[in-house]
Amino acid sequence: MALTTGRATTSVATRQLPHRRLSRRDSCRTGGQSGSPAGGQTKQCPAQRSSSSTGSAPPTVAPKWFYAATVNGREAGLTLFVAVLVALTAYGVATTPQPRTAAHIGSADSFVCPLPQNVSGSADIPTTANRIAVPPRPAPGTVPTTFTPTSAVVCDTFTGDTVAADGTVSYLERHYIGDFGPVLEALNAPSARPAWPIFCGTTDDSMPPLTDMWLIDADGRAMEPTYPISGCGFDNTLGLYEIQSLPEIFTVEHHAQLDPAAIELLFNCPSALPALPTPGPRPLLDLSIFPSGICRFDTTGPIPAFTGARIWNSTDPVLSEEVLADPPAASPCTETATSVVAVAVTDSATDDWRPVTIAVELDGCRRILGNGFTPLAASPNIVTALSSTG
């Protein structure tokens, strides 16, 4: 059978099996040509045309391991992302702050200032209040919505700077009134979500002591508030600050009685002085004298009697080397002092830095005495400063 076209005539068998005409791509794969155009010119495969026309190298095909590494990297990144997401979700659930519970309300008679923390471990039961008969307080918590405070009471966390001859120290109960809106907002705030430990640092002994306080309403009821917790686990005491920013209308004084050991611990001076120090050859400059308290004694009797103590304050002369270098050696004297103050200082010349008692005569010979040390003459400025009882 003959097929006639406009350009050429081609003969094919009438019984030939059906076949598929090769495309240009197939021809390139098998190494043949897809046909010869008129004029005897041969068409080139795309890659061959590009190579021959541009002169560049054939495109580089990435090895199979490259694709495998890319897929594995994507899978690892996806796994890491999912793990981090799960960890963050678990952290968020585990660190969700617990809801705060409301406080119970009771009678204001149930609330009395406790002993300050600096003496609670060493003080006798105060004689000015029957603390044993006071009933326990209601449970603390947030300020209930049914409670409208009209005043607040804040207790001192430390005793005063002086102690009497019988060991009595005082502390105050402070009463405040005013606008309690900011107070309630701060006290009833939710606790913060716990922060990562790396952002909180380490705890130490520099945290302020807890302050005891309660709120009172117009009906004479009272409740003890708690504080929201900060992200690092500490009490957020903004509410206490807001209370102490209100006007203080009056105070109530309480008392506690310290034993001799507590006096020495809190005031860092001897509460007993069996006798005046005996002079010796050592110079007082061997001592590092930085006292924190002054104990007073009446020396008119056979044994010096304790008459009180006070904290060393900024108006007192610092018995440093510069001050002790000025007083000359004490002249021989036989006058008897009727009043003496004693301080405990450090003997830096010893291996254990043991404390040494230094006594200053406020009258009589007015000497600075220490067991085994050469007496010095106390200057009028030192005597005047140490004679102060407040």
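- In the hydrophobic clustering of ILVMFWY residues, with side-chain heavy atoms under 4.5 Å counting as a link, F180 and M213 come out together.
- When all heavy atoms of W214 and C113 are compared, the closest pair comes out as CH2-N, 3.8 Å.
- The CZ atom of F250 sits 7.5 Å away from the OG atom of S151 when rounded to the nearest 0.5 Å.
- Rounding to the nearest 0.5 Å gives a distance of 10.0 Å between OG1 of T159 and CG of L115.
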query: Taking it one step at a time, do H254 and V252 satisfy side chain to side chain contact (heavy atoms under 4.5 Å, CB included)?
result: CA-CA 7 Å; H254 298 282; V252 177; 4.0 Å; yes
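- Inspection of the D363 and S339 side chains reveals no N or O donor paired with an N or O acceptor under 3.5 Å.
- Distance check: R310 CZ to I294 CD1 gives 4.0 Å after rounding to the nearest 0.5 Å.
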- prompt: What's the verdict on side chain to side chain contact (heavy atoms under 4.5 Å, CB included) for V340 and L276, showing C-alpha distance, side-chain angles and the deciding distance?
  reply: CA-CA 9 Å; V340 172; L276 291 180; 3.9 Å; yes
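- In this structure, the separation between OG1 on T374 and CZ on R282 is 10.0 Å, given to the nearest 0.5 Å.
- Ring planes of F297 and F306: perpendicular class, angle over 60° (limits at 30 and 60°).
- Evaluation of the side chain to side chain donor-acceptor pair (under 3.5 Å) rule for D179 yields no partner, not counting sequence neighbours.
- Between P279 and P375, the shortest heavy-atom distance links the atoms CB-CG, 3.5 Å.
- Hydrophobic clustering (ILVMFWY, side-chain heavy atoms < 4.5 Å, transitive): L184 and Y176 are in one cluster.
- Two residues are said to be in side-chain contact when any heavy atoms from C-beta on lie closer than 4.5 Å; F111 and C155 fail this criterion.
- The shortest side-chain heavy-atom distance between P138 and I105 does not fall under the 4.5 Å cut-off.
- The minimum heavy-atom distance between V383 and L362, with the atom names listed, is CG1-O, 3.5 Å.
- Side-chain contact between D217 and P149 is absent, with no heavy-atom pair separated by less than 4.5 Å.
- Here the closest non-hydrogen pair linking I303 and P274 is CG2-O, 3.9 Å.
- N371 meets the side chain to side chain donor-acceptor pair (under 3.5 Å) test with no other residue; sequence neighbours excluded.
- The number of heavy-atom neighbours closer than 6.0 Å to CD1 of I249, taken from other residues, nucleotides and ligands shown, is above 12.
- The backbone N or O of A164 sits nowhere less than 3.5 Å from a side-chain atom of T168 that would complete a donor-acceptor pair.
- In terms of heavy atoms, F147 sits closest to L215 at CZ-O, 3.6 Å.
- A donor-acceptor distance shorter than 3.5 angstrom exists from the side chain of Q257 to the backbone of D166, with no hydrogens or angles considered.
- L172 and I216 fall into different hydrophobic clusters, where Ile, Leu, Val, Met, Phe, Trp and Tyr residues are linked whenever their side-chain heavy atoms come under 4.5 Å apart, directly or through other members.
- The side-chain heavy atoms of L369 and V360, taken from C-beta on, include no pair separated by under 4.5 Å.
- Under the 3.5 Å distance criterion, the side-chain polar atoms of S107 are left unmatched by any main-chain donor or acceptor of R221.
- Residue pairs that meet the salt bridge (Lys or Arg N to Asp or Glu O under 4.0 Å) test with at least one member in residues 148-165, sequence neighbours left out, are D156-R174.
- Among N188, T226, T142, the single residue meeting the side-chain hydrogen bond (donor to acceptor under 3.5 Å, both in side chains) criterion with R100 is T226.
- At distances below 3.5 Å, not a single donor-acceptor pair connects side-chain atoms of T336 with backbone N or O atoms of G364.
- Here the shortest heavy-atom pairing between A344 and P270 reads N-CD, 4.3 Å.
- A donor-acceptor contact closer than 3.5 angstrom links the side chains of E264 and S271.
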message: The test is side chain to side chain donor-acceptor pair (under 3.5 Å); show your working for E248 and H175 and say whether it passes.
response: CA-CA 6 Å; E248 181 180 317; H175 290 248; over 6 Å; no
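- Distance alone, capped at 3.5 Å, places no donor-acceptor pair between the T101 side chain and the G141 backbone.
- With sequence neighbours excluded, no residue forms a side chain to side chain donor-acceptor pair (under 3.5 Å) with R366.
- L376 is connected to L386 through a chain of hydrophobic side-chain contacts under 4.5 Å among Ile, Leu, Val, Met, Phe, Trp and Tyr, so both are in one cluster.
- Taking CE of M223 as the start and OG of S110 as the end, the distance is 13.5 Å to the nearest 0.5 Å.
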For a quick test of your reading: what N or O donor-acceptor pairs under 3.5 Å do the side chains of residues 228-242 make, sequence neighbours left out?
{"unit_1": "S230", "atom_1": "OG", "unit_2": "F234", "atom_2": "N", "d": "3.2"}
{"unit_1": "S230", "atom_1": "OG", "unit_2": "F234", "atom_2": "O", "d": "3.1"}
{"unit_1": "N236", "atom_1": "OD1", "unit_2": "L238", "atom_2": "N", "d": "3.3"}

message: Set out, in order, the CA-CA distance, both residues' side-chain angles and the distance that settles salt bridge (Lys or Arg N to Asp or Glu O under 4.0 Å) for R137 and D212, then state yes or no.
response: CA-CA 12 Å; R137 293 185 183 180; D212 188 48; 2.7 Å; yes
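- Here I177 contributes atom CD1 and I243 contributes atom CD1; the two are 13.5 Å apart, rounded to the nearest 0.5 Å.
- For T300, the side chain to side chain donor-acceptor pair (under 3.5 Å) criterion is met by D298, not counting sequence neighbours.
- Cluster membership for I311 and I263, using ILVMFWY side-chain heavy atoms within less than 4.5 angstrom, is shared.
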query: For V163 and F267, what are the C-alpha separation, side-chain angles and deciding distance, and is it a side chain to side chain contact (heavy atoms under 4.5 Å, CB included)?
result: CA-CA 9 Å; V163 57; F267 291 86; 3.8 Å; yes
